[in-house]
Amino acid sequence: MDHTESRDGTDEPTDDTRTTPAPESAPETEPAPGPVSGPASEPMSASASGPAPESEPASGPAPGPEPASGPTLDTAPQPDPAPQPQPAPESAKKRRRPWVRRVRRAVLVLALVLIVPLVAVETALRVNYMGDPADGTYTRNRDAMWLGHAWVDGRKKDADVAALAGRLKDTGVRDLYVHTGPLEHDGTLPRSVYPRARWFIDAVHRELPGVRVQAFLGDVLANGGPEGLELSDAATRAEVVRSAGQVLDTGYEGVHLDLEPLHSGDGHYLDLLDDLRALTKGRDAQLSVAAHQIDPLPHLHSVAGFVADHPKWWSQEFFGQVARRVDQIAVMSYDTARLFESTYGGYVAQQTSLALEVTPPTTHLLMGLPFYYESNPSHWGHAETVGAAVRGARLGLSRTDPDRELFGLAPYIDFAATETNWKEFKDGWVR
């Protein structure tokens, strides 16, 4: 988030010509170009210039006498010509156009307020991407992956599960967040939207022993538009908790919650997490959440809140409050609007460090990977690559807590993944 400036041309200078005739044989003089900065010279009088020179004899009749350039005894004095208007000095012209100076100042202020900080941030992110990750900062076999709804609505078959198992067999993925919602705006979850959930859970346990399947539940919050789930309503929060118990009864081994757009500091969300944690802990199940990014600059979430209904960032403090209430927290570290791989990778490195600083060692932290390709103002596919995200996460881990065990990466999402995505993930992270 270029302005162009238009500038008027300077008025043409006015000729300072005189009405008093000069002697015919005398050469005419041109006025000096440009605006006149002082009074004009007076016309030369006859007493100063003397009589007009006589003409040389010619073959024809001699011309009559030339009129004198000033008053004579034979003629009545002529009044001086009226003074001609003089062009205004350059300084006066500038005073007549104060808006030009105001526009220039506004453009300069805009450059200082927007462009200079942007360049500084991009430079800092590029620097943050420099260096080498520490040895040993590879998978801890605690990675996760988001899966689409087709796995539980009847579109997938046994052969699809076998193919998925082949993809994940040699990776560190140990948790699958399979889309089982969306929730209704009142917090309820119709059983009809996930008719094949039990089949999928059993198939994963058969093909991938030790991998957990969690129900990915989400909805749009009312603060992001005219309709949505209202967290401030206690009855709605109670229905969300009931829906979580419902999917656990189906056989899921955890609940993964993704509610957006979630404003930083939302106390009702923290209340919901407390109630969900009580439920999952009593059922020996996992509670995990998808988390917004952390302010890359102090209080940036507050500034963004003035201009957008969907703030991208949480404060670091709020992120820590959420992390202390769950078993797993996965940062949606994509859709960053970064233009270059180096600045995107530097951004992920920064996000990793910020998250590690406030996530307790008992909570499993995951950094999201963009397993999809889009090109739009919020996500430039040539910049947001899996390779850059993996390297950025390793750099952040290396600088902040290289020995952290409860750390992993989480690809999003299976149905949009390309061979390049899988290759960069395995080459950069799976060793």
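Taking CG of D219 as the reference point, atom CG of L183 lies at 6.0 Å (rounded to 0.5 Å). For the atom pair CD1 (I413) and CG (N421), the distance works out to 12.5 Å, reported to the nearest 0.5 Å. Separation of atoms NE2 (H149) and CZ (F415) is listed at 11.5 Å; rounding is to 0.5 Å. A distance of 9.0 Å separates CG in L406 from CD in Q328, rounded to the nearest 0.5 Å. Atoms CG and OG1, from N141 and T171 in turn, are 8.5 Å apart once rounded to the nearest 0.5 Å. Atom-to-atom distance recorded for L221:CG and L229:CG is 6.0 Å, nearest 0.5 angstrom.
Taking 4.5 Å as the limit, every side-chain heavy atom of L189 sits out of range of all side-chain heavy atoms of E184. Counting only heavy atoms from C-beta outward, the side chains of Y177 and L147 never approach each other to under 4.5 Å. In this structure the side chain of W422 reaches within 4.5 angstrom of the side chain of R167, judged on heavy atoms. For the pair T180 and L217, the minimum side-chain heavy-atom distance is below 4.5 Å. For the pair L257 and L276, the minimum side-chain heavy-atom distance is below 4.5 Å. A 4.5 Å side-chain heavy-atom check between Y129 and L395 finds at least one atom pair inside the cut-off. In this structure, the side chains of L409 and L366 stay at 4.5 Å or more apart for every pair of heavy atoms.
The pair R174-D143 does not meet the salt-bridge criterion, since no charged nitrogen lies less than 4.0 angstrom from a carboxylate oxygen. Between K169 and E207 there is no salt bridge, since none of the side-chain N atoms of the basic residue sits less than 4.0 Å from a carboxylate O of the acidic one. Contact check on R394 versus D132 returns no salt bridge, with no Lys/Arg side-chain nitrogen under 4.0 Å from an Asp/Glu carboxylate oxygen. Salt bridge annotation for R206-D202: absent, with no cationic side-chain nitrogen under 4.0 angstrom from a carboxylate oxygen. With respect to E357 and R399, no salt bridge is recorded, no charged nitrogen being found less than 4.0 Å from a carboxylate O. Electrostatic pairing of R277 and D327 counts as a salt bridge here, judged by a charged N lying under 4.0 Å from a carboxylate O.
Ring pair W151/F200 is tilted by interplanar angle, where 30° to 60° counts as tilted. Note: W314 and F318 have perpendicular aromatic rings, judged against thresholds of 30 and 60 degrees for the angle between ring planes.
Of the N and O atoms on the side chains of Y372 and H379, at least one donor lies less than 3.5 Å from an acceptor on the other residue. Side chain to side chain, Y194 and Q246 meet the donor-acceptor criterion of an N or O pair below 3.5 Å. For the 3.5 Å distance criterion, the side chains of R198 and T250 fail to qualify, holding no donor opposite an acceptor. Using a 3.5 Å distance cut-off with no hydrogens or angles, the side chains of H364 and E405 do not pair a donor with an acceptor. Between the side chains of S232 and E230, at least one donor-acceptor pair of N or O atoms lies under 3.5 Å. Side-chain atoms of H256 and W146 include a donor-acceptor pair closer than 3.5 Å. If you check the side chains of R431 and Y138, you find a donor sitting under 3.5 Å from an acceptor. Between the side chains of Q316 and D295, not a single donor N or O lies within less than 3.5 Å of an accepting N or O. Side chains of Q214 and D175: a donor on one and an acceptor on the other come within 3.5 Å. There is a side-chain donor-acceptor pair under 3.5 Å between T385 and E341.
Cation-pi geometry between R142 and F407 is not met: the NZ or CZ atom fails to fall both under 6.0 Å from the ring centre and inside 45° of the normal. A cation-pi arrangement is present between R196 and W199, with the terminal nitrogen or guanidinium carbon under 6.0 Å from the aromatic centre and inside a 45° cone about the axis.
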>> Is there a side chain to side chain contact (heavy atoms under 4.5 Å, CB included) between V193 and V152? Walk through the geometry before answering.
In response: CA-CA 8 Å; V193 301; V152 296; over 6 Å; no
>> Please evaluate residues Q350 and L125 with respect to the criterion side chain to side chain contact (heavy atoms under 4.5 Å, CB included), reporting the C-alpha separation (whole Å), side-chain torsions for both, the decisive distance (0.1 Å), and the verdict.
In response: CA-CA 8 Å; Q350 180 199 47; L125 293 178; 4.3 Å; yes
